[in-house]
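Everything quoted here is computed from the prediction, not taken from an experiment.
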Amino acid sequence: MADTTSDAFSSPFMTEFLIKSGGTAIVDGGLATELERHGADLNDPLWSAKCLLTSPHLIHRVHMDYLEAGADIIITASYQATIQGFESKGLSRDESESLLRKSVEIACSARDNYYDRCNTSTSDESPDGKIFKKRQILIAASVGSYGAYLADGSEYSGIYGDSMTLEALKDFHRKRVKVLAESGADLIAFETIPNKLEAKAYAELLEEENISLPAWFAFNSKDGIHVVSGDSYSECVSIAESCRNTVAVGINCTPPRFIHGLISSIKKVTTKPIVIYPNSGESYDADLKEWVQNTGVSDDDFVSYVNKWCETGASLFGGCCRTTPNTIRGIYRTLSKR
């Protein structure tokens, strides 16, 4: 469990973790498509969070798959888990908050089970390629954007309409963030942030509620210059930089071809560690609610970017939508050679 005193509000929290990890660290990969591969039906506005209700054992299994692939940080199944979303399914406020905590409990349980396996393993890698290397592992509590709750693809556009205000966004996220911050996670991962307004809402919310947990801010882009709403990427990073909780800033759910330029852009604004976990490069059709076939890169191509991203200045690497434990294992092996 991470130190959550005021010392953890600044980069040393992540810097010390990276030193222990050998200078770089590995984030896990896509969750929803792995849950589907194991048999989950996610055709629901709750998306991957539906499994908190129906099949938590599958979430545990996917977390284990990523740990055994070499991940140092696993992200909870709370990206699309919101109190409002659960209440729309008829759950009470207490039940909704309990499910948020459950997402962290499952990840912590997977970490404990993994440590047990490491203690009984005779080598760091099994004959079938599973990694059983005892190391510090962090649990990142995922907070998806307001657009993810809408389940209409607007986290990929960042367009919430003129009626959405800063105060309304803070009120939407407030209780959820507080519950997750007190759940036993090591940090909060604000993910797929599509616009400047939501970044500001998160930063102000952490300050207003005096939340004592480190956080990272990960933005998404579809052109390599702006966040998906069209707001300046540099301006969004500056908001994250100004937040005392921020221990890393970066990029997720963005095609790999844009990452190099975005890392360079981030470095001009912050000296904090840079976290990157792109998607596979595939296009998502929000109307059909499916991925467009043959529009992404292979695992080999994805992993081939890692050395370049590392040399450009990133230090935490993983994957987002449509990446798999094989992708993460490839990143592990690539970084192990450095």
Side chain T246, main chain A240, donor-acceptor under 3.5 Å: yes
Ionic contact status for K89 with D44, cut-off 4.0 Å: yes
Note: K130-E125 ion pair, threshold 4.0 Å (strictly below): no
Residues S265, S234; criterion side-chain hydrogen bond (donor to acceptor under 3.5 Å, both in side chains); working and verdict: CA-CA 7 Å; S265 176; S234 295; 3.2 Å; yes
Under-4.0 Å salt bridge between K308 and E311: no
Single-linkage hydrophobic cluster, 4.5 Å side-chain cutoff, I263 and V228 together: no
Heavy-atom side-chain proximity of H60 to L58 below 4.5 angstrom: no
Side chain T82, main chain G85, donor-acceptor under 3.5 Å: yes
Within-4.5 Å side-chain heavy-atom neighbours: T192 and Y79: yes
Point-to-point distance, once rounded to the nearest 0.5 Å, from CG of N220 to CG of N252: 6.5 Å
Side-chain donor/acceptor of R135 to backbone N/O of K20, under 3.5 Å: no
Side-chain donor/acceptor of S232 to backbone N/O of E235, under 3.5 Å: yes
Any donor-acceptor N/O pair, T323 side chain to G30 backbone, under 3.5 Å: yes
Ring centroid separation H173 to Y146 under 6.0 Å: no
Value rounded to 0.5 Å, distance of CG in L213 from CG in L180: 9.5 Å
Any donor-acceptor N or O pair under 3.5 Å, side chains Y277, E191: yes
Test item: I26 and I73 side chains (from C-beta on) under 4.5 Å apart, heavy atoms: no
S126 side chain to D128 side chain, donor-acceptor N/O pair below 3.5 angstrom: yes
Donor-acceptor under 3.5 Å (Y114 side chain, D65 main chain): no
Single-linkage hydrophobic cluster F172~I239, side-chain heavy atoms < 4.5 angstrom: no
Criterion salt bridge (Lys or Arg N to Asp or Glu O under 4.0 Å) against R111, the qualifying member of D186, D28, D116: D186
ILVMFWY network linking I211 to I139, side-chain heavy atoms under 4.5 angstrom: yes
Polar side-chain atom of Q80 near backbone of G144 as donor-acceptor pair, under 3.5 Å: no
Axial cation check for F258 ring with K222, 6.0 Å and 45° limits: no
Within the 6.0 Å centroid threshold, strictly below: W47 and Y149: no
E182 with R101: basic N within carboxylate O range, under 4.0 Å: no
Any donor-acceptor pair under 3.5 Å from T254 side chain to I251 backbone: no
Inter-residue atom distance K134.NZ - N119.CG, 0.5 Å rounding: 4.0 Å
Separation of D94 CG from L99 CG (nearest 0.5 Å): 11.0 Å
Sole residue of F219, W216, Y202 in ring-ring contact (aromatic ring centres under 6.0 Å, His included) with F190: Y202
Side-chain heavy atoms of T33 within contact of T324, under 4.5 Å: no
V237, I193, N245 screened by side chain to side chain contact (heavy atoms under 4.5 Å, CB included) with F217, the one that passes: I193
Close side-chain approach of I331 and V27, heavy atoms under 4.5 Å: no
Gap between atom CG of D41 and atom CG of L35 - 0.5 Å precision: 11.5 Å
Within one Ile-Leu-Val-Met-Phe-Trp-Tyr cluster: L150 and Y156, side-chain cutoff 4.5 Å: no
Residue pair Y305, I259: steps toward the side-chain contact (heavy atoms from CB on, under 4.5 Å) verdict: CA-CA 9 Å; Y305 285 106; I259 300 301; over 6 Å; no
D231 side chain to S229 side chain, donor-acceptor N/O pair below 3.5 angstrom: yes
Beyond-backbone contact of T165 with Y160, side-chain heavy atoms, under 4.5 angstrom: no
Flag, side chain of T76 to backbone of S142, donor-acceptor distance under 3.5 Å: yes
Joint cluster assignment, L169 & V143, ILVMFWY side-chain distance < 4.5 Å: no
S21 side chain vs G23 backbone, donor-acceptor pair below 3.5 Å: no
Note: E105-K102 ion pair, threshold 4.0 Å (strictly below): no
Check: R93 and K175 side chains under 4.5 Å, non-hydrogen atoms: yes
R329 and N326, any side-chain heavy atoms less than 4.5 Å apart: yes
Working for side-chain contact (heavy atoms from CB on, under 4.5 Å), residues V227 and S221: CA-CA 4 Å; V227 295; S221 174; 5.7 Å; no
From C236 atom SG to N195 atom CG, the distance as rounded to the nearest 0.5 Å: 7.0 Å
Pair R176 + E97: basic N to acidic O under 4.0 Å: no
